[in-house]
Peer 1: 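Got a structure for you, questions after.
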Number of protein chains: 2
Amino acid sequence: MALTNPMPMGPWKITVYDQEYFQGRRMEFTACCQNIMECGMENIRSLKVECGAWVGYEHSSFCGQQFVLEKGDYPRFEAYSGSNSYRIERMISFRPICCAVAAFPLQNHKESRMTIFEMENMMGRQFELCDDYPSLQAMGWMNNEVGSMQIHSGAFVCYQYPGYRGHQYIMECDCHGGEYKCYREFGSHSQTPQIQSIRRIQH
Amino acid sequence: MALTNPMPMGPWKITVYDQEYFQGRRMEFTACCQNIMECGMENIRSLKVECGAWVGYEHSSFCGQQFVLEKGDYPRFEAYSGSNSYRIERMISFRPICCAVAAFPLQNHKESRMTIFEMENMMGRQFELCDDYPSLQAMGWMNNEVGSMQIHSGAFVCYQYPGYRGHQYIMECDCHGGEYKCYREFGSHSQTPQIQSIRRIQH
């Protein structure tokens with residue numbers, strides 16, 4: 001990927017702060033962090049994603065609610081964090097999304113590809129996605145659920161509600177061999193197969 | 001638009017309920033509602049968007065926090081509504097987004113087009129958008145703010161944070177002549193020019 005999208009700062013970089021608005025103690029990471037508290041930081045209250053796409057988790061060891069973090073400034077983590085249906089108090093672990101494809105050049109758009117299935121174990125009606133879909137039902141999907149999915153390339157984030165709201169599930173081609181056979185595999189916190197919007201994750 | 005995207009149920013339809021999970025009193029709308037309480041409904045606790053894209057507001061007469069509502073099911077409005085930085089307790093008014101372009105056929109994608117400017121009054125550096133951008137900084141935008149914007153066609157939703165999070169601003173080519181000259185024109189609740197992700201709104 002570095003060949004098609006030169007990244008002078010390296011492929012991944014995130015800076016976290018223990019106070020809001022990028023104040024207080026500061027730490028930089030270029031790889032995953034399994035437990036921010038073991039690094040001596042009690043809480044993350046603001047952060048900057050400087051390179052790459054990341055996923056944050058509410059618990060250590062990449063467990064619990066998950067949420068995508070793309071390049072930009074997050075001056076108040078508390079304001080950002082809520083998944084609306086469930087407010088996340090803390091971000092304790094985080095890691096790069098290694099298979100997120102480069103957003104530019106534009107032709108790389110096509111590199112993200114997945115199939116959603118009506119039922120568990122890749123059964124029932126299916127639909128192939130390679131774009132962003134703020135409403136699966138608007139594109140013709142039959143209901144508000146997805147039974148299983150197969151990520152062929154790249155990474156996607158699936159959301160409980162239309163318009164990229166509610167619980168998030170980060171889906172990657174290089175995790176589980178890209179196979180998510182039932183909603184319990186969507187994430188450690190997933191309680192239902194309800195998914196109503198899906199989009200690509202890009203660098 | 002009806003010519004290229006036949007809509008058997010009519011162009012817009014939203015059904016609202018005064019209890020969660022589509023229970024209780026139910027009302028259907030095919031056009032704007034300035035004050036749900038004047039229709040005899042105290043509160044909206046769940047809703048289904050059956051046709052078209054809509055924008056909801058926390059106050060009557062289309063004021064206060066705004067949020068896009070696309071086709072799909074919203075079984076718990078309370079769970080959906082939070083803009084993360086500011087939890088919206090109620091949806092009191094709502095209206096169709098008339099200039100949202102059809103998501104299909106795909107060639108219509110190009111029909112949504114806007115320009116963002118570094119400074120107020122369409123000044124400074126500029127960038128033309130006709131796609132979805134979960135991180136403006138990832139595509140090369142210089143900072144976490146947008147000074148002004150011009151919507152040439154279609155409708156967009158701008159977000160405070162990357163990844164389509166935080167405060168939302170619905171921008172339409174047929175409102176204000178498509179011109180949003182400073183952040184105070186972004187919405188009745190806008191307090192800063194901070195905008196870090198932008199996407200199209202489609203039927």
Side-chain angles (χ1 to χ4, degrees), chain A residues 5 48-53 67-88 100 102-104 106 109 131-141 143-145 157 159-168 192 194-197 199-203, chain B residues 5 48-53 67-88 100 102-104 106 109 131-141 143-145 157 159-168 192 194-197 199-203:
Chain A
N5 185 25
K48 289 185 189 211
V49 174
E50 287 163 83
C51 232
F67 36 91
V68 64
L69 298 166
E70 285 148 313
K71 187 171 178 175
D73 299 344
Y74 303 75
R76 293 180 59 228
F77 179 72
E78 197 232 38
Y80 171 78
S81 65
S83 78
N84 305 310
S85 58
Y86 183 83
R87 180 164 286 277
I88 302 164
F104 294 92
L106 279 166
H109 266 199
D131 199 348
D132 298 343
Y133 296 90
S135 165
L136 292 180
Q137 288 186 66
M139 74 153 200
W141 191 244
N143 63 25
N144 61 20
E145 297 183 350
V157 52
Y159 296 85
Q160 183 183 12
Y161 297 121
Y164 311 128
R165 308 296 293 267
H167 287 305
Q168 296 185 26
T192 75
Q194 190 176 54
I195 287 181
Q196 299 193 72
S197 50
R199 67 180 181 87
R200 296 158 297 168
I201 302 172
Q202 297 170 336
H203 270 189
Chain B
N5 185 25
K48 290 185 187 209
V49 174
E50 286 163 83
C51 231
F67 37 91
V68 65
L69 297 166
E70 284 149 313
K71 186 171 179 175
D73 299 344
Y74 303 76
R76 293 180 60 228
F77 179 73
E78 196 231 38
Y80 170 79
S81 65
S83 77
N84 304 310
S85 56
Y86 182 83
R87 180 164 286 275
I88 301 164
F104 296 91
L106 279 166
H109 266 200
D131 199 348
D132 298 343
Y133 297 90
S135 165
L136 291 180
Q137 288 186 64
M139 74 155 200
W141 190 244
N143 63 25
N144 62 20
E145 296 183 351
V157 53
Y159 296 85
Q160 181 184 15
Y161 297 122
Y164 312 129
R165 309 296 293 269
H167 287 305
Q168 297 185 26
T192 75
Q194 190 176 56
I195 287 181
Q196 299 193 71
S197 50
R199 68 180 181 87
R200 296 158 297 167
I201 302 172
Q202 297 170 335
H203 271 186

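Excluded from the calculations below are hydrogen atoms, water molecules and symmetry mates; all remaining heavy atoms, backbone and side chain alike, are included. Keep in mind the model is a prediction, meaning the values are calculated, not measured. So you know, we letter chains A, B, ... as the sequences are listed, proteins then strands, and number each from 1.
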Peer 1: About how many Å separate OH of B:Tyr164 and CD of A:Glu70, when rounded to the nearest 0.5 Å?
Peer 2: 7.5 Å

Peer 1: Rounded to the nearest 0.5 Å, what's the gap from CD on A:Gln137 to CD on B:Glu50? Could you check?
Peer 2: 9.5 Å

Peer 1: Considering all heavy atoms of both residues, which atom of A:Pro162 and which atom of B:Lys71 are nearest to each other, and what is their separation?
Peer 2: CG-O, 3.7 Å

Peer 1: Should B:Ser135 and A:Gln202 count as side-chain neighbours, where that means a heavy-atom distance under 4.5 Å?
Peer 2: no

Peer 1: What heavy-atom pair brings B:Tyr161 and A:Asp73 nearest, and what distance separates the two atoms?
Peer 2: CD2-O, 3.9 Å

Peer 1: Quick check for you: to the nearest 0.5 Å, what is the distance between A:Asn144 atom CG and B:Lys48 atom NZ?
Peer 2: 7.5 Å

Peer 1: Say you draw a straight line from CZ of B:Arg165 to CD of A:Gln168; how long is it, rounded to the nearest 0.5 Å?
Peer 2: 4.5 Å

